[in-house]
Amino acid sequence: MILCAGEALIDMLPRETADGPGFYPATGGAVFNTAIALGRLGAPVGLHTGLSTDLFGARLGEALAASGVTDRTARSDRPTTLAFVTLTDGQAQYAFYDEGTAGRMLSPVDAPDMRGVTALFVGGISLAVEPSAQAYEGLALGHQNLPLMIDPNIRPDFIANPVTYRARLDRLLGAADIVKLSDEDMAWLGTDPGEVLARGARVVLLTEGAKGATAITAEGEIHVSAIRAEVVDTVGAGDTFNAGVLAGLHRAGALAKSTPDADALRAALELGVAAAAITVARAGANPPWAEELDLADAES
C-alpha cells in the first residue's frame, strides 16, 4: 500500500449564485487529492492526516471511502482547514485558514499503523507548519527503508518560518527517491534537478503545464508532452499527476528504492499526464477513475 501523508482540507471554490459571488465547499488538499486519485486509478493507497469530527471532516472521510482509500487518519474535535480559492485565467491561488485545526495540530504521537505500507508520499502545505510538519518529517525519515516520493508544492505565502521550512525540505529531499518539482519550486529553493539527483534522488519529475512533464535520472531524460484539454481550472492537476506516476510505477512493479527502467518511467509519466488532463477539464480537484482513462484510450 502507498501511504500518502499530509493535509486534507476543504477548498472553498468560487461560484456565481443567484445572490452574487459565493463559494462552494469541495474536498481537497494536495496530499488528500493524490490519495483520492491513486484510489480511483486502482492503486492500493491509504491516507494519514489529522481529520476533524466536524461536518467537513465527515465529508472528507466519506470521500476517502468512496474512492477506496484506506483510512489511517487521526481524528480530533478541532476544526477542518479551509482554503479559499481564487481563479485567474484558470490558475488557482489560495488563502488558507489553518490555525488550531485538526490537520495542523497532528503530532508525532499520532503516528499511523504502518502494516502493509510499501511506499510513502509526502508534501504539500503540511510540511510548512508546526506541529504537523514534525509528524510528517518524522514518519518519512523514520522509514527510510521504504521508497519515498516528495512534492514540496511550495506556497510562499503560507510559510511562517522560511528558515525552519528550508531546513526540513533539505532533510527530506536528501532522503527522497522521487522528487516532483515545478519551476516555481526550484526558484524558491534555489536548486536544480542535477543538484537534487546528487543528493540521492533516483528520479526528478519536472512539470511545465501545457509543455508536459519530464523525468530526469542519472541515465538521462524522458519527456512526455501534455494532452490538449479545455481547461476549467488547474486545482488538483499536479496532485493527480503525482498519483498517475505512482500508480504507473506500482503497476510495473517499479516503485522501489532503485531507478525505474525507461519503459516503466515513460508509461508512468504518460499515465500522470493523461490523468491530469482530465482533472483540468472539470471544476475543482476531481481526479479520473481508471475506467475514464481506458475509455479515453479507446476513443483516441
Side-chain angles (χ1 to χ4, degrees), residues 1-9 26-51 57 59-75 103 106 110-124 126-127 132 135-136 139-140 143 145-151 153 176-180 203 205 236-257 260 264 267-276 278-279 284-294:
M1 180 176 73
I2 302 166
L3 184 65
C4 298
E7 75 273 7
L9 51 80
T27 56
V31 179
F32 175 91
N33 293 338
T34 297
I36 291 288
L38 275 164
R40 293 184 179 185
L41 291 174
V45 60
L47 178 70
H48 175 56
T49 191
L51 209 61
R59 189 167 177 177
L60 289 161
E62 291 165 0
L64 292 174
S67 293
V69 181
T70 299
D71 187 335
R72 297 274 170 101
T73 64
R75 306 290 176 124
L106 186 81
D110 298 312
D113 178 357
M114 295 297 289
R115 287 176 295 180
V117 176
T118 57
L120 282 169
F121 172 82
V122 299
S126 48
L127 295 179
S132 65
Y136 296 125
L139 180 67
H143 294 86
N145 59 308
L146 298 175
L148 170 66
M149 178 175 175
I150 178 173
D151 176 7
N153 198 22
D177 300 285
I178 304 172
V179 178
K180 186 280 196 79
V203 182
L205 302 171
D239 312 325
T240 304
F241 170 80
N242 291 338
V245 170
L246 286 168
L249 293 176
H250 173 76
R251 290 179 186 178
L255 187 53
K257 293 189 74 68
L269 280 177
E270 289 173 347
L271 180 57
V273 166
I278 292 177
T279 299
N286 185 7
W289 296 83
E291 293 80 4
E292 294 178 82
L293 290 164
D294 293 341

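Numbering of residues begins at 1 and proceeds along the displayed sequence.
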Are [X] and [Y] close enough that some pair of their side-chain heavy atoms sits under 4.5 Å apart?
X    : Y    : result
F32  : T49  : no
V31  : Y136 : no
L120 : M114 : yes
P44  : I2   : no
F121 : L246 : yes
V203 : V179 : no

Kindly compute the distance separating [atom1] ([X]) from [atom2] ([Y]), expressed to the nearest 0.5 Å.
X    : Y    : atom1 : atom2 : answer
I278 : L293 : CD1   : CG    : 4.0 Å
E7   : L47  : CD    : CG    : 9.5 Å
C4   : L64  : SG    : CG    : 10.0 Å
L205 : D151 : CG    : CG    : 9.0 Å
H48  : S126 : NE2   : OG    : 10.0 Å
K180 : M149 : NZ    : CE    : 6.5 Å

[X] to [Y] - nearest heavy-atom pair and separation:
X    : Y    : result
A285 : G236 : CB-CA, 4.0 Å
P288 : L41  : O-CD2, 4.1 Å
V273 : F241 : N-CD1, 3.8 Å
A30  : G124 : CB-CA, 4.4 Å
L255 : P147 : O-CG, 3.8 Å
A63  : I36  : O-CD1, 3.4 Å

message: Tell me which pairs pass side chain to side chain donor-acceptor pair (under 3.5 Å) where either residue lies in residues 248-257, with sequence neighbours left out.
response: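 Side chain to side chain donor-acceptor pair (under 3.5 Å) check on residues 248-257 returns D177-K257.
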- request: Using atom types as modelled and distance alone, determine if a side-chain donor or acceptor of T118 lies under 3.5 Å from a backbone N or O of M1.
  value: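 Yes.
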Expected output: side-chain R40 to main-chain P287 donor-acceptor under 3.5 Å: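 Yes, because the side chain of R40 sits within donor-acceptor range (under 3.5 Å) of the backbone of P287.
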- request: Could you name each residue pair satisfying salt bridge (charged side-chain N to carboxylate O under 4.0 Å, His left out) that touches residues 112-124, not counting sequence neighbours?
  value: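 Sorted pair list: D113-R115.
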query: Between R72 and T70, does any side-chain donor sit less than 3.5 Å from a side-chain acceptor?
result: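 Not at all, the side chains of R72 and T70 share no donor-acceptor pair under 3.5 Å.
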field: Partner of L38 under side-chain contact (heavy atoms from CB on, under 4.5 Å), chosen from N33, D239, V45
entry: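 Among the candidates, only V45 passes.
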message: So, using side-chain contact (heavy atoms from CB on, under 4.5 Å) as the criterion, who are the partners of A268 when residues are at least two apart?
response: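 A268 satisfies side-chain contact (heavy atoms from CB on, under 4.5 Å) with V245, L249 only.
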